[in-house]
Amino acid sequence: MSENVVHLHKHTDPAPVDTAPTVLTVVPDAPPVRPVPLWVRSGHAVKTAVTHERTRSAGRAVVRHGLYTFNGGRIVARRAWDGRTGSRYERMIRAAEAAGNLEAAEEWEERLQRFRAARHHRRMDLLHSPVDAAKGVAVGAGMSVGVLVALGVVLAISTGQVGDVVTPLSATIDFIALLIRIVQVVWGPAVTIGPFLALLALWSVGRKQHAAPQWALPANARSGEGEPITPSIVVKALRDLGVPALARAIKEMGDAGASMLGPITIAGCGVEVDVTLPSGVSTNEVQGKRRKLAENLTRHEHEVFITIPQAARTVRLWIADSGALDEPIGPSPLVTDETMTADYKKGKAPWGQDLRGDTAALSLYQRHLLITGLSNQGKTVALRSLALWLALDRSVEFLIGDLKGVGDWAMFDGLATTLIQGPTDEHVIQVTEMVEGAVDEMNRRIQAPPGTTFPALIVLVDEAQMAFMCPAKDEDKRPYGGSKANSRYFMAVRKIHNQGRAVNVLMWQGTQDPTNENLPKLVREGAHTRASLALGTESQARMALGDKAVDGGAAPNLLRPGLDRGTLVVASDGITIPAGQSSITVRTHYIDDDAATAITDRAKALRDGVTTLHAIDRTEERDPLADIAAVIGDAPRVRTKDVLARLATHNPSAYGEWSFIDLKRVLDDAGAEPYKSDGVMVVSRDRVTRALANRDTEHSASAE
């Protein structure tokens with residue numbers, strides 16, 4: 001008989017093994033080989049089933065619910081142990097000592113002593129309780145029987161039946177027997193169901209506490225967001241920060257790093273804690289890992305702020321409650337309190353809230369202001385809210401240039417002395433001349449007698465980058481924009497920065513996306529109050545706030561564009577900043593256009609009425625009578641028609657549209673009326689000269 005070899009060809013069809021046929025090939029002259037078992041062929045299917053998402057989810061569910069029950073039992077046992085012993089108090093004492101809060105540690109120690117004393121009294125009472133209980137039962141039973149017998153006697157007397165004496169007693173015995181029968185019926189099912197109910201209770205406790213590994217928890221419970229901040233969580237977050245020297249130092253500390261932490265205090269919608277870093281770890285190493293630290297604390301990056309207090313080798317962590325910074329802060333007091341007024345010198349503008357939830361108020365007295373940030377982050381609203389508050393001081397005067405020109409400042413019409421709105425080069429020229437006019441007013445005030453006081457003059461330019469980047473030049477080829485010594489806008493702003501504060505002429509500017517081109521260094525450093533919304537880079541943050549503020553932890557470049565709209569990082573001595581910090585983060589109130597209009601209406605009611613100029617009149621002041629004398633010349637008389645033509649040639653902008661009526665009005669008012677000569681109207685040189693002389697004489701007499 002010939003010998004055959006059976007070879008199993010590898011089947012590549014991924015179909016299930018129960019439907020995949022086995023392919024056999026008969027090869028002669030080879031020893032027989034047994035077919036491969038079915039379980040070998042199904043290994044790939046088993047592996048696929050194990051790695052399937054539904055399989056993994058089912059496995060996680062089994063582990064999760066099993067550990068819920070087991071760890072729920074542990075939690076209940078621990079609670080019972082805490083209730084019977086002083087372990088809870090001991091834990092609180094250790095935590096208070098680790099946090100450096102000795103007062104809290106002493107208080108918890110006193111509570112522990114009181115607990116132990118009360119427990120001792122309870123145990124001593126237990127020694128006497130059996131005897132007391134037996135006596136109480138005996139006395140109670142005797143009294144109960146006596147009462148029932150007495151009740152039976154009364155019943156027997158009432159009914160005349162002697163047997164009724166024991167009726168109450170027998171009824172009580174029957175009731176007790178009924179209760180015993182009920183217990184006998186219920187006891188069996190209760191004994192059977194009781195353990196399941198106990199397990200269900202333990203499972204419920206474990207589920208509420210998420211008493212299972214993170215990988216086994218559901219996706220919506222796996223993040224840990226909102227977890228309370230405790231000393232152990234902070235130390236663990238620092239240990240896992242990826243700074244080798246810090247992790248090694250925490251490991252070597254006998255208290256596991258607890259001595260690094262100051263007290264964890266509630267600070268507004270979060271908590272605050274100072275961390276003293278061990279030797280060999282610098283503060284910028286922690287600052288540079290803000291995102292990782294936030295994630296270790298189960299927070300988003302924008303919910304953790306790191307600042308540098310005065311203490312050496314110390315960082316101050318402010319950790320927000322999860323999601324708290326995404327909630328609005330409420331309306332401005334300017335909107336809710338219609339009786340509010342302002343005081344430029346002594347008051348502070350209610351600008352918003354700091355991260356602690358406290359009111360953030362800014363003093364505007366003799367402080368130049370600069371607010372910058374990316375487009376559409378709330379810069380105009382933040383700047384306008386300060387102007388709205390200050391407008392409630394009737395002594396304050398405003399010169400406003402809005403180089404966006406979409407009506408954000410339209411409500412100041414009738415309130416501001418000058419209001420220029422528009423984005424063109426012509427509007428930039430107008431705004432530049434407005435600022436130069438403020439420089440002239442500043443110089444006039446400076447030359448006033450010593451001791452003279454002046455009301456505040458606020459020169460406000462929104463979208464100031466348009467002015468710095470304007471390519472237009474005047475007739476002398478001087479540029480309006482730029483940052484050179486011949487730049488008209490730049491030099492006007494610099495002059496106000498240099499001397500305006502002393503005479504209450506203040507420069508407020510709002511600008512986008514600060515760079516050296518659209519916000520020159522000398523201008524941004526001339527502002528006493530510098531605030532920034534969200535920015536793109538750290539270099540822009542340094543331009544907006546200065547190196548000192550950024551080195552101290554200010555980071556407007558870490559604010560979220562769009563999501564943190566209206567949130568400002570402020571560096572100023574006009575706002576209360578926590579000790580040791582160089583800046584403060586403020587969430588400003590949002591005041592919409594309708595509310596802003598209502599506030600300006602209240603401000604207008606405080607004033608006698610303001611006529612707002614919407615353009616700067618750049619025409620020179622003309623003396624029509626002197627110009628008429630000039631065009632007449634040496635001729636004794638000139639026809640009125642020729643006088644009008646000569647005036648139009650002399651100054652087209654002033655006299656190009658003049659008619660005979662205009663000429664006659666000026667001459668009649670001066671007493672040099674035109675008259676007819678040879679049938680035509682003429683102007684006499686002698687009459688005009690005499691009118692000029694009489695006018696000058698009258699002016700001299702009035703001056704004396």
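Excluded from the calculations below are hydrogen atoms, water molecules and symmetry mates; all remaining heavy atoms, backbone and side chain alike, are included.
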Worksheet item: Which value, rounded to the nearest 0.5 Å, describes the distance between Leu386 atom CG and Leu388 atom CG?
Response: 9.0 Å

Worksheet item: Is a side-chain N or O of Thr612 found less than 3.5 angstrom from the main chain of Leu419, in a donor-acceptor match?
Response: no

Worksheet entry | Interatomic distance, Gln509 atom CD to Met507 atom CE [nearest 0.5 angstrom] | 4.5 Å

Practice prompt. Could you pull out all residues at least two apart from His427 that satisfy ring pair (Phe, Tyr, Trp, His ring centres under 6.0 Å)?
Written response: none

Worksheet item: Under 3.5 Å, is there a donor-acceptor pair between the side chain of Thr418 and the main chain of Leu613?
Response: no

Worksheet entry | Donor-acceptor contact below 3.5 Å, side chain Asn284 vs main chain Gln287 | no

Worksheet entry | Arg665: which of Asp668, Asp662, Asp669 passes side-chain hydrogen bond (donor to acceptor under 3.5 Å, both in side chains) | Asp662

Worksheet item: Got a sec, which residues hit salt bridge (Lys or Arg N to Asp or Glu O under 4.0 Å) with Arg291, two or more places apart in sequence or on another chain?
Response: Glu301

Worksheet, complete the sentence: Tightest non-hydrogen contact, residues Leu568 and Ala382, listed as CD1-CB, 3.9 Å

Discussion item. Checking side-chain polar atoms at under 3.5 Å, does Asp594 have a donor or acceptor matched by the opposite partner on Thr597?
Written reply: no

Discussion item. I need the full list of salt bridge (charged side-chain N to carboxylate O under 4.0 Å, His left out) pairs touching residues 436-460, with sequence neighbours left out, sorted by first then second residue.
Written reply: Glu436-Arg488, Glu441-Arg444, Glu441-Arg445

Discussion item. Show, in sequence, the C-alpha distance, side-chain angles and deciding distance for Val315 and Thr307, and conclude whether the side-chain contact (heavy atoms from CB on, under 4.5 Å) test is met.
Written reply: CA-CA 6 Å; Val315 293; Thr307 54; over 6 Å; no

Item to complete: Please list, chain by chain and in numerical order, all residues satisfying salt bridge (Lys or Arg N to Asp or Glu O under 4.0 Å) with Lys345, sequence neighbours excluded.
Response: none

Discussion item. Evaluate Asn504 against Tyr365 for side-chain hydrogen bond (donor to acceptor under 3.5 Å, both in side chains), listing each step before the verdict.
Written reply: CA-CA 8 Å; Asn504 287 325; Tyr365 178 63; 5.0 Å; no

What pairs of donor and acceptor atoms, side-chain ones from residues 457-464 against any protein atom, are under 3.5 angstrom apart with sequence neighbours left out?
from: Asp462; atom 1: OD1; to: Lys379; atom 2: NZ; distance (Å): 3.2
from: Asp462; atom 1: OD2; to: Thr380; atom 2: OG1; distance (Å): 2.9
from: Asp462; atom 1: OD2; to: Trp409; atom 2: NE1; distance (Å): 3.1
from: Glu463; atom 1: OE1; to: Gln465; atom 2: NE2; distance (Å): 2.7
from: Glu463; atom 1: OE1; to: Gln512; atom 2: NE2; distance (Å): 3.1
from: Glu463; atom 1: OE2; to: Lys379; atom 2: NZ; distance (Å): 3.0

Discussion item. Ignoring hydrogens, what is the shortest heavy-atom contact between Arg530 and Gly546? Give both atom names and the distance.
Written reply: NH2-N, 3.6 Å

Response to the item:
Between the CH2 atom in Trp318 and the OG1 atom in Thr265, the distance rounded to the nearest 0.5 Å is 11.5 Å

Worksheet entry | Gap separating the CE atom of Met543 from the CG atom of Asn516, nearest 0.5 angstrom | 4.0 Å

Discussion item. Parallel, tilted or perpendicular, judged at 30° and 60°: which one describes the rings of His368 and His497?
Written reply: tilted

Practice prompt. Determine which pairs satisfy side-chain hydrogen bond (donor to acceptor under 3.5 Å, both in side chains) with at least one residue from residues 554-576, sequence neighbours left out, and list them in order.
Written response: His302-Arg560, Asp326-Arg560, Arg367-Asp573, Thr529-Ser572, Arg560-Asp564

Fill in: pair Pro455-Val396: side-chain heavy atoms closer than 4.5 Å
no

Item to complete: Evaluate the side-chain contact (heavy atoms from CB on, under 4.5 Å) criterion for residues Leu364 and Trp389: first the C-alpha distance (whole Å), next the side-chain angles of each, then the deciding distance (0.1 Å), finally the verdict.
Response: CA-CA 10 Å; Leu364 303 173; Trp389 176 80; 4.0 Å; yes

Worksheet item: For Lys495, does the NZ atom sit with more than 12 other heavy atoms under 6.0 Å from it, leaving out its own atoms?
Response: no

Worksheet item: Any chance CD1 of Ile266 has more than 12 other-residue heavy atoms, nucleotides or ligands included, within less than 6.0 Å?
Response: no

Worksheet item: If you round to the nearest 0.5 Å, how far is CD1 of Ile599 from CG of Leu415?
Response: 11.5 Å

Discussion item. Under a 3.5 Å distance rule, please check whether Asp354 uses its side chain to pair with a backbone N or O of Thr585 as donor and acceptor.
Written reply: no

Worksheet item: Just by distance, do the side chain of Arg494 and the backbone of Leu522 share a donor-acceptor pair under 3.5 Å?
Response: yes

Fill in: Closest non-hydrogen atom pair, Ala387 against Phe398
O-CZ, 3.6 Å

Discussion item. Run the salt bridge (Lys or Arg N to Asp or Glu O under 4.0 Å) test on Arg394 and Asp608 for me, step by step, so that the C-alpha distance in whole Å, both residues' side-chain angles and the decisive distance to 0.1 Å come before the verdict.
Written reply: CA-CA 9 Å; Arg394 59 179 300 173; Asp608 296 331; 3.8 Å; yes

Discussion item. Closer than 3.5 angstrom, by distance alone: can the side chain of Arg524 be matched with the main-chain N or O of Leu519 as a donor-acceptor pair?
Written reply: yes

Fill in: side-chain hydrogen bond (donor to acceptor under 3.5 Å, both in side chains) evaluation trace for Asp474 with Tyr480
CA-CA 7 Å; Asp474 62 13; Tyr480 287 93; 4.9 Å; no

Discussion item. Given 3.5 Å as the limit, does a donor-acceptor pair link the side chain of Thr600 with the main chain of Ala603, or not?
Written reply: no

Item to complete: For Tyr489 and Val523, run side-chain contact (heavy atoms from CB on, under 4.5 Å): C-alpha distance rounded to whole Å, both residues' side-chain angles, the deciding distance at 0.1 Å, then the answer.
Response: CA-CA 11 Å; Tyr489 181 80; Val523 170; over 6 Å; no

Worksheet item: Just by distance, do the side chain of Gln377 and the backbone of Gly373 share a donor-acceptor pair under 3.5 Å?
Response: no

Worksheet item: Any side-chain heavy atom of Leu317 within less than 4.5 Å of one from Val271?
Response: no

Worksheet item: Side chain of Arg646, backbone of Val631: donor and acceptor closer than 3.5 Å?
Response: yes

Discussion item. Show the nearest heavy-atom pair for residues Ile308 and Thr314, with the distance to one decimal.
Written reply: CG2-O, 3.9 Å

Discussion item. Distance check, rounded to the nearest 0.5 Å: Ile429 atom CD1 versus Lys473 atom NZ?
Written reply: 13.0 Å

Discussion item. Can you give me the closest heavy-atom contact between Pro333 and Pro350, atom names plus distance?
Written reply: CG-CB, 4.0 Å

Practice prompt. Determine the minimum heavy-atom distance between Leu625 and Val666, stating which atoms define it.
Written response: N-CG1, 4.3 Å

Discussion item. If you count heavy atoms of other groups shown closer than 6.0 angstrom to NZ of Lys604, is the number above 12?
Written reply: yes

Worksheet item: Is a side-chain donor or acceptor of Arg542 paired with a backbone partner of Asp551 at a separation under 3.5 angstrom?
Response: no

Worksheet item: Taking side chain as C-beta onward, heavy atoms only, is Pro471 less than 4.5 Å from Asp425?
Response: yes

